[in-house]
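Here the structure comes first, spelled out in C-alpha cells, and everything after it is commentary.
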Amino acid sequence: MSFCLKPYEERRTSAMKETIIQLLASEFAGSLSADDIGRLLEIPPSPEMGDYAFPCFTLARVLRKSPVTIAEELMKKIMPNEAFEKITAMSGYLNFFVDKNQFAASVLSRALAEGYGRNKTTATVVVEFASPNTNKPLHLGHLRNMSIGESIARILQFRGNNVVRTSINNDRGVHICKSMLAYRKEGGGATPQSTGKKSDHFVGDYYVLFSRNAAADPSWNDQARQMLRQWEAGDEQVRELWKTMNGWALDGFRRTYALFGIHFDKEYFESDIYTFGKEIIREGLERGVFFRRDDGATVVDLEAEKLGTKVLLRPDGTSVYIVQDLYLAVLKHDEFACDRSLYVVGNEQEFHFSVLKTILKKLGSPVAEKIHHLSYGMVELPEGKMKSREGTVVDADDLINETKNLAAEEVGSRYRLDDAETGQRSLAIALAAIKYQLLRVDIGKTMLFDPKKAISFEGDTGPYLLYSYARASSILRKAPAVPSAIAAGGDFNGSEIALIKQLDRFPEAAAFAGDKLSPSIIANYGFGLAQAFNEFYHASPVIGSDREQFRLRLVAAFRAVLKNCLWLLGIEAIEEM
RNA sequence: GCGCCCUUAGCUCAGUUGGAUAGAGCUACGGAUUUCUAAUCCGUCGGUCGCAGGUUCGAGUCCUGCAGGGCGUGCCA
C-alpha cells in the first residue's frame with residue numbers, strides 16, 4: 001500500500017506545466033480533468049520537439065477521431081497564444097514551445113523566492129530511525145538507516161509537516177549480556193579511557209570476544225542466559241555493569257550521531273518499556289481479540305490475515321518483543337498526537353510490522369492506520385553480505401574517518417590550507433560522499449556498497465554536487481550584486497534553457513519525494529540539476545558577458561535550489577571545496 | 001513448502017506511475033584550460049530491459065507462468 005500525505009494546498013507542479021494544464025483543461029472541460037491532463041503531459045525526447053507534449057491517443061476513442069486530427073484541431077484552436085512561441089501537431093502529439101522570456105522570468109522569480117518547493121500542510125509525523133543495539137558499534141547498515149531517516153524527516157519538514165525524530169535503543173536482552181559477560185570475565189578492569197578506545201568500539205570488542213569464546217566453549221551461552229536472568233531479577237552487580245557498559249555504548253553512538261549530523265528529539269530505551277504493554281494485553285483479552293492457550297501462553301490468531309498465530313505472552317507470563325512495540329506505537333502516538341508514525345527499519349522486519357499493524361487493527365486502535373514501515377534494503381559489499389562474526393562489517397566511524405582522510409588528500413593536493421580548514425572541508429566532503437552514495441539508490445532495494453568507489457569524488461557523487469555548489473558560490477562572490485529582476489531577455493542558449501527547465505522541475509521533485517518518501521528522487525534530481533549547471537558553466541561565461549545580469553540571477557537561483565536539495569539529503573553545503 | 005521483494009550497458013544505478021529514438025555515472029579510448037574552481041566539460045565504444053506468453057493504438061513500466069537471487073515464515077530482538 002502506498003503512503004500519501006494530505007492533498008497539497010499549494011501548486012506543486014512547474015510553472016510551465018501549469019500554464020499548459022489550464023489551457024487544455026478549458027478545452028476539455030467535462031471530458032478531462034486538470035489532474036488527468038497533468039498525468040498525460042510529458043517532456044519530449046528532444047528539445048527540438050518542444051518543451052512539453054500532450055499525447056492525444058487516449059482522446060481518440062472518446063472523440064472518435066484520429067489522434068493526428070485531434071492534435072491538429074487543438075493546435076488551431078489554441079494558437080495564437082502569448083505564452084507560446086508555437087505549438088505543433090506531430091504524429092498524434094501536441095507539442096508546446098513556450099515563450100522563453102516569460103518562462104525564464106517566471107522560473108527565476110519563483111526559484112529565488114522564499115519557500116520554493118515547500119508547502120503548508122501541517123501534519124505531525126514521527127520518524128523513528130537508527131534504533132541500535134547497545135552491544136556493538138554502528139556499522140554501514142546503520143549509516144544507510146540514518147541517512148534515510150534524516151532525509152525523510154527533512155523532506156517531510158520541507159513539505160510542511162511537523163516532524164519528530166525518535167530512536168529506540170535496544171539496550172537489554174541476551175545479546176547485551178554477551179559483551180557484559182566477556183568483559184566481566186576477561187576485561188581485567190580496563191576502560192575506554194585506559195585503552196584510549198572509542199567507548200562503543202570498546203564494548204563491541206567484548207561482543208566479538210564473547211563470540212570467539214562461545215564458539216570454543218558453548219557454556220558461555222548458558223552463562224549469558226544466566227546473566228540475563230540476574231539482570232531481570234535486579235542483581236545489583238549485574239545492573240551496575242550493564243549501566244556502565246550501556247553508557248559507554250550510548251556515549252559512542254552519540255559521538256557518531258554528532259559527527260554524522262543527526263539528532264533525536266526523543267530517545268526511547270527498551271529497558272524502560274519492555275515490561276509495559278500489560279494494559280494492551282488485558283484489553284485484547286477482554287475484547288476476545290487475544291486468548292489464552294492451553295499451555296498458558298497468551299496468543300492472537302492471525303490465520304485469517306495469513307500471518308499465523310502470534311504468541312504475545314509466554315506461559316511464564318513474560319512478554320515477547322512485539323508487546324513492547326505495541327506499547328511504544330501507542331505511546332508515541334499519545335505523546336506526539338501524530339498523524340503518521342514512520343519506522344525506518346530494514347526489510348527483514350516486514351513480517352513483524354504487518355503483524356504489529358494487524359494486531360493494532362484488530363484491537364480497533366486508531367494507531368493501526370497511522371503506522372507505516374519504511375522498509376529499506378540491505379547493504380552488501382563486493383564480497384557479499386556483511387557478517388559480524390566473519391569480521392566483514394564496515395564500521396561507521398572507520399568509514400567516515402577513512403573517507404575523510406582521502407578527502408583531505410584531495411583537498412591538500414589542490415589548495416594550501418591550515419589544518420582546521422582542511423579538516424572541516426574534508427569532513428563535509430566525506431559525509432557528502434557517503435550520504436549521497438547511500439541515498440541515490442531507491443530505499444527498497446538491496447544495494448551494493450563498494451568502499452573503494454564510495455570514496456570516489458567524480459561523476460555521480462556527493463562531492464560532484466558540492467563542487468557545483470562551490471563553483472556557483474565562487475561566481476557570486478566575485479561578481480557584482482545579483483539584480484532583482486531580469487535585465488536581459490533575448491536569445492537564450494541551450495545550456496541556459498536546460499538549466500532553467502531543471503530549476504522549474506524542483507517543486508515537482510520535492511512533492512514527489514514527499515509522496516513516495518523517497519530521498520533517491522531528490523538525489524537524482526539534484527545530480528541532474530548539478531549536471532545542467534556544469535554544462536551551463538562551460539558554455540556560458542557569466543562575469544563580464546553581455547548577459548551578465550541574467551546569468552547572475554540564474555546562478556543565484558541554481559545555488560539556492562541546489563542548497564535545498566543538499567539540505568533535503570542531510571548534506572552540508574560548503575562555499576569552497 | 002508458502003509469502004514478500006529484486007533482475008535494465010562490462011560494473012553501479014536512473015527511468016517522473018502506460019507514451020515518440022531506453023538514460024546517467026564508472027571503466028576503456030580520444031579531445032577541451034591566456035577566461036568565473038579541470039573534483040569540470042565534449043566525443044567514441046557499450047542494450048534480446050532475466051525468459052515465455054497476455055492486455056493495449058502503444059509495455060522497461062500492467063497481468064500470468066517460468067528461471068535465477070534476496071528476505072521472511074521464532075515463545076529471538
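Residue numbering restarts at 1 for every chain, and letters A, B, ... go by the order of the sequence lines.
- B/rA9 sits 10 Å from B/rC49 when the C1' atoms are compared, rounded to a whole Å.
- Between the CG atom of A/Asp460 and the C1' atom of B/rG23 there is a distance of 12 Å, given to the nearest Å.
- By the 5.5 angstrom centroid cut-off and the 30-degree plane limit, A/Phe527 is classified as not stacked against the base of B/rA24.
- Using a 4.0 Å heavy-atom cutoff across all strands shown, A/Glu270 reaches sugar-phosphate atoms only and no base atom.
- Within 4.0 Å (heavy atoms only), A/Met49 reaches at least one base atom of the nucleic acid.
- Between the C1' atoms of B/rC41 and B/rU33, the separation comes to 11 Å (whole Å).
- In this model, the phosphate group of B/rC41 is not approached by any side-chain N or O of A/Gln531 to a distance below 4.0 Å at OP1 or OP2.
- Considering only side-chain N and O atoms, A/Lys478 lies under 4.0 angstrom from the phosphate OP1 or OP2 of B/rU37.
- Nucleotides B/rA59 and B/rG19 place their P atoms 11 Å apart, quoted to the nearest Å.
- Of the candidates B/rU37, B/rA39, B/rU12, the closest approach to any side-chain atom of A/Glu458 belongs to B/rA39.
- A/Arg471 forms no cation-pi arrangement with A/Phe558, by the criterion of a distance under 6.0 Å to the ring centre and an angle within 45° of the ring axis.
- Screening residues 308-321 of chain A for salt bridge (Lys or Arg N to Asp or Glu O under 4.0 Å) gives no qualifying pairs among residues at least two apart or on separate chains.
- Contacts between residues 311-325 of chain A and RNA chain B, defined by a heavy-atom separation below 4.0 Å, involve A/Val311, A/Arg314, A/Pro315, A/Val320, A/Tyr321, listed by number.
- Residue side chain A/Phe57 fails the stacking definition with respect to B/rG58, as its ring centre and the base's six-membered ring centre are not both under 5.5 angstrom apart and under 30 degrees in plane angle.
- If you check every strand for non-hydrogen atoms under 4.0 Å, A/Arg477 touches nothing.
- Taking atom CG on A/Leu438 and atom P on B/rC13, their separation rounds to 12 Å, with Å as the unit.
- A/Phe57 and A/Tyr93 have their aromatic ring centers within a separation under 6.0 angstrom.
- Comparing B/rC5 with B/rG65, their P atoms sit 13 Å apart, to the nearest whole Å.
- Pair assignment for B/rG43 gives B/rC29, based on Watson-Crick or G-U wobble hydrogen-bonding distances that are each under 3.5 Å.
- Looking at A/Tyr415, its side chain comes within 3.5 Å of the base of B/rU37 through a donor and an acceptor atom.
- What separates CZ of A/Phe353 from C1' of B/rG3 is a distance of 18 Å, to the nearest Å.
- Atom-to-atom, CE of A/Met378 to P of B/rG70 comes out at 10 Å; the value is rounded to the nearest Å.
- At the heavy-atom level, A/Arg293 lies under 4.0 Å from base atoms of the strands shown.
- In the set B/rC36, B/rC41, B/rA39, the nucleotide with an atom closest to the side chain of A/Met577 is B/rA39.
- Residues A/Tyr207 and A/Trp220 place their aromatic rings such that the two centres sit no closer than 6.0 Å.
- Each of A/Asn170 and A/Ser474 was assigned the nucleotide of RNA chain B with the nearest heavy atom; the assignment lying further toward the 5' end belongs to A/Ser474.
- Applying the 3.5 Å distance criterion, the base of B/rA77 shares no donor-acceptor pair with the side chain of A/Arg172.
- On the P atoms, B/rG18 is 10 Å away from B/rC63, given to the nearest whole Å.
- With respect to the salt-bridge test (charged N to carboxylate O, under 4.0 angstrom), the residues A/Glu270 and A/Arg172 qualify.
- For A/Phe457, counting side-chain heavy atoms from C-beta on, the closest listed nucleotide (B/rC41, B/rA39, B/rU37) is B/rA39.
- Classification of A/Glu575 and A/Arg559 as a salt-bridged pair holds, one side-chain N sitting under 4.0 Å from a carboxylate O.
- A/Lys445 places its NZ atom 9 Å from the P atom of B/rC13, with the value rounded to the nearest Å.
- Note on A/Thr58: a base of the nucleic acid sits closer than 4.0 angstrom, heavy atoms only.
- At a threshold of 4.0 angstrom between heavy atoms, the contacts of A/Asn135 with the nucleic acid are absent.
- Ring to ring, A/Tyr464 and A/Phe527 are close: their centroids are under 6.0 angstrom apart.
- Stacking of A/Arg505 on the aromatic ring of A/Tyr525 is not recorded, the 6.0 Å distance cut-off and the 45° axial limit not both being met.
- Closest to the side chain of A/Leu448, from the set B/rC36, B/rU12, B/rG19, is B/rU12.
- Checked against the 6.0 Å centroid threshold, A/Phe54 and A/Phe96 do not count as a close aromatic pair.
- A/Arg471 has no side-chain polar atom (N or O) that falls below the 4.0 Å cut-off from OP1 or OP2 of B/rC36.
- The nearest whole Å value for the distance from the CG atom in A/Leu94 to the C1' atom in B/rA20 is 14 Å.
- Regarding contacts with the backbone of B/rC41, a side-chain N or O of A/Tyr464 is found under 4.0 angstrom from either OP1 or OP2.
- When the P atom is used for both B/rG46 and B/rC13, the distance is 24 Å, rounded to whole Å.
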